[in-house]
Amino acid sequence: MSFADRTDERLIDDNSPRALWGNLVRRLRSGDLGMIPVVVGLIVIWIVFYAMNSRFLSSRNLVQLSLDSATIGMISVGIVLVLLLGEIDLSVGSVSGLSGAVLAVLLVYLGWPLPAAILAALCTGLVIGMLYGVLCTRFGVPSFVITLAGLLAFLGLQLLTLGKNGTVNLPGESALIAFANFTFLPPWASYALAVAIGAVYFLARLRTIRRRAAANLSAPSVRSAVIRAVVLIAAVALVAWYLNLDRGIGAMPLLWVGVIIGMDFLLRRTTWGRHVYAVGGNAEAARRAGINVNRVYISVFALCSTFAALGGVLAAARLQSVSQTSGGTDTNLMAIAAAVIGGTSLFGGRGSVYSALFGMLVLQSITSGLNLIGVDAFVRYMVTGGVLVLAVTIDSLSRQARKSSGSG
Amino acid sequence: MSFADRTDERLIDDNSPRALWGNLVRRLRSGDLGMIPVVVGLIVIWIVFYAMNSRFLSSRNLVQLSLDSATIGMISVGIVLVLLLGEIDLSVGSVSGLSGAVLAVLLVYLGWPLPAAILAALCTGLVIGMLYGVLCTRFGVPSFVITLAGLLAFLGLQLLTLGKNGTVNLPGESALIAFANFTFLPPWASYALAVAIGAVYFLARLRTIRRRAAANLSAPSVRSAVIRAVVLIAAVALVAWYLNLDRGIGAMPLLWVGVIIGMDFLLRRTTWGRHVYAVGGNAEAARRAGINVNRVYISVFALCSTFAALGGVLAAARLQSVSQTSGGTDTNLMAIAAAVIGGTSLFGGRGSVYSALFGMLVLQSITSGLNLIGVDAFVRYMVTGGVLVLAVTIDSLSRQARKSSGSG
Amino acid sequence: MTQSVLSLRGIGKRFGAVQALTDIDFDVRPGEVVALVGDNGAGKSTLVKIISGVYGPDAGTIEVDGKQVEIHGPRAAQALGIATVFQDLALADNLDVVANLFLGQETTRAGALDEETMEARSWELLRQLSAKIPSVRIPIASLSGGQRQTVAIARSLVGSPKVVLLDEPTAALGVAQTAEVLNLIERLRDSGLGVVVISHNMADVQAVSDRIYVLRLGRNAAEFAIEDVTTEQLVAAITGASDNVVAARRARSTDAAAPAASTKEETR
Amino acid sequence: MTQSVLSLRGIGKRFGAVQALTDIDFDVRPGEVVALVGDNGAGKSTLVKIISGVYGPDAGTIEVDGKQVEIHGPRAAQALGIATVFQDLALADNLDVVANLFLGQETTRAGALDEETMEARSWELLRQLSAKIPSVRIPIASLSGGQRQTVAIARSLVGSPKVVLLDEPTAALGVAQTAEVLNLIERLRDSGLGVVVISHNMADVQAVSDRIYVLRLGRNAAEFAIEDVTTEQLVAAITGASDNVVAARRARSTDAAAPAASTKEETR
Amino acid sequence: ACGSNGGGSDSGDSGDGATIALLLPETKTTRYESFDKPLFEAKVKELCADCKVNYLNADQDAAKQQQQAESALTDGASVLVLDPVDGKAATSIVKSAQSSDVPVVAYDRFIEGADYYISFNNERVGEMQGEALVEATGDKGDILMLNGSPTDPNAAQFKKGAHSVLDKSNLNIVGEYDNPDWSPDNAQKFTSSQFNKIDPGSLAGVYAANDGQAGGVFAAFRAEGGDAVPPITGQDAELAAIQRIVAGQQYMTVYKPIKLEAEQAAELAVNLATGKDVSGTSDFEGVPSYILDPISVTKDNVKDTVVADGFYQVEDICTAEYADACAAAGLS
Ligand SMILES: Nc1ncnc2c1ncn2[C@@H]1O[C@H](COP(=O)(O)OP(=O)(O)OP(=O)(O)O)[C@@H](O)[C@H]1O
Ligand SMILES: Nc1ncnc2c1ncn2[C@@H]1O[C@H](COP(=O)(O)OP(=O)(O)OP(=O)(O)O)[C@@H](O)[C@H]1O
Ligand SMILES: [Mg+2]
Ligand SMILES: [Mg+2]
């Protein structure tokens with residue numbers, strides 16, 4: 001017990017392999033599980049739909065699921081950021097629709113080259129987000145209201161941009177459409193990716209272990225790092241193998257997951273991310289600690305709208321067209337719901353970008369499963385509602401266990 | 001200075017008439033103004049639309065405005081309650097649609113008498129709300145998610161209830177339709193109402209003054225109570241007079257405003273209301289104070305859904321029919337937005353039911369003004385968004401002033 | 001010896017990887033002031049929260065008036081006659097002083113809140129504690145730390161409890177208010193209530209308590225009757241060593257400033 | 001006499017209907033510990049918040065190192081070398097101890113947070129203050145009151161300020177931790193910083209400070225050099241009367257328990 | 001790489017009949033769930049007992065419809081009968097299906113590149129509404145115009161058709177409104193607000209793009225107290241609208257004999273699924289098509305159209321409320 005962080009005699013030392021299991025059981029009972037309950041909810045949904053239609057878990061459907069999740073999932077990443085601040089953005093749907101419209105009009109009517117059009121679409125989002133941030137911080141207008149106004153205003157702008165003709169079809173041979181619909185990792189690349197992910201994980205962990213040991217802090221064993229890396233590689237490779245039975249890992253879902261991993265790194269491992277959590281947890285404390293709260297706000301809103309714009313571009317690419325309905329209907333609700341279902345709090349300071357991933361998969365799985373079964377609209381609505389409550393109840397019950405055991 | 005509450009020498013005594021004015025100026029500058037900024041925003045909107053089309057402020061249009069505001073405004077009253085707890089209800093639209101459908105089916109297809117059908121419709125809301133409350137408190141599912149699930153499930157139920165024929169026309173001579181469309185206070189009754197309101201206000205205030213004096217607490221002067229009562233009577237009578245130029249004060253808006261005044265009384269002057277604010281402000285403190293938090297939750301959700309159901313009944317009466325679209329589109333967003341625009345916080349514990357009144361009037365004035373002017377769809381969206389931001393910025397700027405002066 | 005009004009046996013509580021309390025025994029008799037002392041993080045507040053139903057214990061039994069009970073929540077604790085002033089105060093920031101004082105025990109008249117009676121009574125309670133609060137109609141959020149603490153203490157006087165638990169009641173109080181709270185504790189004892197006081201101020205503890213429990217790292221470390229303990233012994237029991245930093249400071253300062261010593265006693 | 005590192009003149013602040021501060025003058029010189037005492041709600045914390053940029057003053061001027069400044073926010077105050085431990089601590093409950101300690105002053109390595117260095121340094125800082133915190137990787141929300149306060153105090157040691165303002169730093173601390181903080185204050189003074197301490201504990205105040213300001217109801221009530229003030233005088237200045245409740249208690253208890261008196265001094 | 005692996009082609013596991021996917025656009029109008037779907041399913045069952053119909057509804061969301069189409073292909077559908085949310089955008093669905101060798105029948109709304117097309121012509125619907133209004137008003141006076149949702153691509157086609165008639169007529173459009181989400185509520189509010197400018201009695205007629213809005217318009221008129229309403233148009237032949245027509249509260253609605261359309265589509269789909277020959281098509285913009293004519297329903301021909309087709313029973317229409325009007329209109 002010579003480590004600086006292991007001196008307190010009340011600390012229960014849980015490094016022995018036997019204790020690890022006991023620890024897991026205790027964590028299960030106390031509900032201190034992070035993403036596990038959502039994942040369990042997801043697995044339950046999958047099993048149920050599989051029982052009703054075995055094609056649900058076919059490679060083809062899972063590939064489809066990954067493609068379907070990526071567009072709104074990308075928007076949801078931005079929503080997680082905003083929720084972490086304890087704010088909300090109701091306008092992501094309109095912003096994604098507007099950016100899609102900008103893309104389509106520049107590309108098709110004005111003949112801009114693709115990269116320039118994409119850049120312009122993303123910039124639309126960026127500018128809108130910065131506007132929100134400024135309004136929110138300078139005038140103190142609640143984000144609910146500004147973004148509600150944005151929802152309307154940018155829907156208007158979308159209609160204006162599209163003009164009288166409405167729907168614009170993107171050129172079929174565009175690289176963007178190929179990216180969103182036809183680009184998949186070749187099998188060898190997918191396995192290489194699995195190994196690369198495992199290796200990066202292992203090296204990062206090894207470095208942490210070394211540095212902790214050097215700082216005289218307790219550190220997990222190298223063996224555990226090896227085991228975890230191997231399990232990680234195996235898991236990714238398994239997923240890759242199964243998806244490769246059909247078309248494989250799509251470029252668009254890959255981009256989505258990559259963005260999530262990247263944002264998770266930014267949030268957990270950089271000063272900016274730390275400040276986002278601090279402002280979300282206690283804005284006044286953050287201000288008193290000398291954090292530039294306004295800058296954090298503006299950066300988060302800008303990122304959120306940019307992700308919304310990116311989602312709009314991807315949605316346009318996937319649908320191969322942009323119309324007045326783009327970004328409409330349930331886009332907002334789905335994007336926000338995914339984040340919340342994944343476990344991000346609406347009150348700020350608690351959550352992770354992975355909630356966008358799992359929350360979106362839950363929502364999309366329900367949709368996809370019901371599509372396969374093919375039921376009347378009213379049944380579909382009712383079942384979606386029911387399954388949603390069930391999936392989240394698993395999560396909530398475990399959280400409640402945590403609370404009553406005093407650790408939350 | 002012999003009053004128990006006036007012993008601290010730092011207290012600035014502001015009972016002199018001259019100080020009253022200084023006090024108002026100070027309050028204006030510090031932003032400690034309650035509902036005034038929203039009302040100012042509303043007045044600005046009215047002036048602008050009046051400038052663009054003088055018919056906007058005609059008696060006729062104001063009567064119209066009052067009728068149009070009452071249905072969703074009623075739903076918004078429930079939303080304020082839920083927001084006061086720091087929770088949300090996304091399903092009020094569906095619940096209102098469902099209760100409308102129940103009403104219509106019972107009335108038209110099953111031939112129930114009107115009161116029974118209305119009661120059944122309201123009970124639908126009540127039961128749903130209690131279900132939410134129980135799910136929220138027993139399983140700890142976040143209200144955002146349960147009510148999102150409810151939004152879908154009850155939409156499904158609405159479609160199921162309406163069955164294959166869809167739209168149901170309510171019997172044209174039904175008392176309900178008459179209530180919502182043709183029933184207006186006769187002029188003498190409206191002036192009597194003004195006097196009655198003033199008298200009740202004066203008596204209540206007089207009683208407070210007497211009781212405070214008896215308890216050796218400082219009390220406002222009886223003169224000030226007289227002045228306020230007279231001003232109140234004059235204001236209500238003026239409104240009544242102007243509306244009487246057209247059809248007058250409608251029964252439905254009157255019910256709405258009555259409900260708001262009643263709920264305001266319940267919230268500010270009863271134990272239950274006190275507990276709602278306490279739970280919304282600090283649920284843990286409320287629990288430790290021995291408040292039955294679960295009961296507060298269930299009662300609030302039950303009330304909210306019941307108001308949603310009542311709103312649905314009124315909407316059905318006003319539209320004289322119920323269809324699959326009833327309670328759809330923007331009902332949820334409008335109801336929530338009205339509460340937030342009126343100044344109720346999304347984070348619980350701060351706000352008043354009057355925000356439903358003023359917030360709804362702001363929203364409905366924008367819609368009505370744009371209807372009168374008659375603009376393209378895209379302009380309509382953009383202007384609505386813009387006006388919304390403007391109206392709320394007035395409010396926010398004053399709130400900010402309050403904050404920087406340290407009193408918020 | 002009278003029967004204990006509150007009696008704990010073998011209480012244990014674990015938070016995640018931290019065993020906060022282990023096998024705690026604790027008794028309070030009517031008309032007795034029991035002090036609970038210990039270092040920061042020793043588990044004092046956790047014990048109070050278990051008694052007042054905020055947390056459930058992982059192990060052990062609780063008896064009230066000799067009957068074993070399960071305390072399922074703060075409401076249950078209140079029903080058993082246990083009133084508590086929490087260290088983190090637990091006030092609703094958005095409500096005003098009157099509303100907080102009477103929260104959960106509002107006075108009503110014909111169904112409506114009787115604000116005048118409550119306000120008049122608030123002034124009385126606050127004056128009893130020498131509180132310097134300019135207005136009882138401002139939200140708690142705008143009070144100073146000591147003012148908030150006074151409100152929390154006044155809260156416990158609103159009902160009619162059998163046992164009063166005070167978790168560091170005087171931490172933020174001024175000298176006059178502290179003296180009033182000590183007077184109050186003595187009054188509560190004299191009216192036959194059991195009182196539990198947690199404090200880091202040895203002078204206060206020794207001034208009002210009859211018995212002292214010492215917790216160290218979540219375990220019963222010692223129990224003293226007030227007559228046969230010195231400050232040194234207490235400090236040694238709390239820190240777990242007699243050559244501690246407090247003793248070192250005292251040695252240094254008595255060297256330097258011996259003359260002023262006797263005037264400082266019991267003023268915090 | 002050296003130049004003041006911090007100097008306030010005529011500071012006033014009003015909240016709604018309450019005039020919290022009126023015409024306050026205040027000076028701190030380098031290498032000096034200035035105590036600020038006063039009853040609850042006297043305005044001590046408000047003054048500290050004005051100095052640290054949390055509130056803007058309604059009247060008066062602030063000079064730092066002899067230059068008049070406007071402090072527009074906490075960032076500005078920090079840039080001027082003013083570090084503050086607030087009475088309400090101002091910690092982010094959702095972050096762990098390390099994150100809170102280094103908030104706004106994170107150590108990075110190649111753009112990423114250097115968690116290992118921060119964690120090792122955290123243990124060092126906390127050990128210096130005798131903190132009994134089992135793990136620095138749990139959220140602040142799950143710490144005890146005293147543990148939280150220790151973290152807030154340790155925060156002020158990260159960085160290199162000219163003036164340190166401590167608003168009731170020892171209120172929730174155990175005896176050992178209090179002694180460590182008093183030692184810390186002395187070390188800060190010895191390294192030439194200006195230190196402002198607010199406390200309700202007269203023993204602590206008299207043990208470490210060089211000069212004492214007394215506030216009463218938002219006004220400068222008195223200023224003492226430590227050499228020529230007794231506890232009685234201080235208490236009288238704070239409460240505004242020499243026949244106060246504190247004196248009454250003392251009279252009673254010295255009658256009853258005279259023998260134990262000298263052992264209790266300076267242990268809180 | 002897309003069509004190369006056989007996710008869709010492992011559909012024909014032994015014995016089972018073919019799967020036909022029916023993709024409809026929305027649930028807010030009754031026709032899809034109440035008529036199209038059951039009529040289609042019944043006809044398929046009749047023609048091919050083992051065939052399975054996979055029914056999907058996109059809730060007015062083009063992206064959702066794309067997902068549903070993909071799901072249907074995953075589920076091994078051998079024909080897609082697709083009523084697109086957005087006909088223009090649906091070309092990508094068509095391409096995707098065709099690359100899996102699944103034929104697409106464009107149902108009710110035209111899709112470029114589809115294999116077959118069965119429909120009533122949307123612009124024609126607008127024209128018929130316009131023509132009826134011109135006729136009912138005697139081609140003079142002021143009218144209001146309430147179009148469908150600005151975010152619904154089909155609404156633009158109705159609007160275009162209606163304008164093509166109304167703009168040439170002598171009618172004067174004094175207020176025009178693109179109603180978000182086709183909401184009857186908004187229709188009522190808009191109409192009421194117009195009464196500030198125009199006396200309700202002086203309006204010659206109202207163009208309402210569908211029956212839902214017609215209901216809102218009627219509610220606005222009735223709220224004015226007068227029972228006299230000018231001619232109001234509609235579309236979809238909702239039961240509520242037929243009742244209003246019978247009672248003289250709405251002038252006309254456009255009835256699309258859905259039975260014909262649905263059964264024709266079912267027959268075509270079964271033929272395609274079972275590999276039988278298809279005949280009797282005409283050409284519409286290069287797509288083999290069955291073009292059906294919508295019918296304008298007014299009080300005079302309720303009996304000969306919706307009732308005669310069995311679309312509604314007389315009992316459905318003639319509830320207690322409408323009994324008298326029914327008798328007057330000769331429905332019994
Ligand atoms: N909710 C919680 N989750 C996790 N750990 C907790 C929780 N509450 C308390 N602890 C831990 O339990 C231990 C005891 O805390 P407790 O608050 O009882 O201390 P205390 O004796 O009251 O200290 P203080 O004198 O500082 O108030 C501490 O180490 C603390 O970190
Ligand atoms: N934000 C605020 N809004 C309104 N009044 C306030 C606010 N902050 C402080 N006050 C008032 O100003 C006065 C001084 O408060 P302050 O917190 O400075 O007292 P203090 O001397 O620190 O007291 P304590 O010893 O209890 O901490 C109090 O009466 C308090 O009610
Ligand atoms: Mg404690
Ligand atoms: Mg203070």
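Computed from a predicted structure; not experimentally measured.
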Margin query: Is there a side chain to side chain contact (heavy atoms under 4.5 Å, CB included) between B:F144 and A:I336? Walk through the geometry before answering.
Written below: CA-CA 10 Å; B:F144 185 94; A:I336 299 173; 3.3 Å; yes

Next item on the list: Kindly indicate, with the supporting measurements, whether the criterion side chain to side chain contact (heavy atoms under 4.5 Å, CB included) is fulfilled by A:M382 and B:L157.
Entry: CA-CA 7 Å; A:M382 290 167 65; B:L157 211 54; 3.6 Å; yes

Note to self: How close do B:A337 and A:L148 get, counting heavy atoms only, and between which atoms?
What the structure shows: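 Taking B:A337 first and A:L148 second, the nearest heavy atoms are CB-CD2, 3.2 Å.
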
Notebook entry, point to check: Where do A:L346 and B:F347 come nearest, in terms of heavy atoms and distance?
Noted result: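 Taking A:L346 first and B:F347 second, the nearest heavy atoms are O-CE2, 4.3 Å.
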
Check: Looking at A:L160, A:I146, A:L135, which one has more heavy-atom pairs under 4.5 Å with chain B than the rest?
Finding: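 With the most close heavy-atom pairs to chain B, the winner is A:L160.
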
Check: Pick from A:S91, A:A149, A:G150: which one has the most heavy-atom pairs with chain B under 4.5 Å?
Finding: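 Greatest number of close heavy-atom pairs with chain B: A:A149.
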
Nearest-0.5 Å distance that lies between atom [atom1] in [X] and atom [atom2] in [Y]:
X: A:Y381; Y: B:Q158; atom1: OH; atom2: CD; answer: 10.0 Å
X: B:L152; Y: A:I366; atom1: CG; atom2: CD1; answer: 9.0 Å
X: A:F378; Y: B:L155; atom1: CZ; atom2: CG; answer: 12.0 Å

Next item on the list: Decide side chain to side chain contact (heavy atoms under 4.5 Å, CB included) for A:V145 and B:V389; before the verdict, give the C-alpha distance in whole Å, the side-chain angles of both, and the deciding distance to 0.1 Å.
Entry: CA-CA 7 Å; A:V145 183; B:V389 166; 5.9 Å; no

Next item on the list: Against chain B, label A:L151 side chain, backbone, both or neither, depending on which of its atoms sit under 4.5 Å from a heavy atom there.
Entry: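 Only the side chain of A:L151 comes within 4.5 Å of chain B.
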
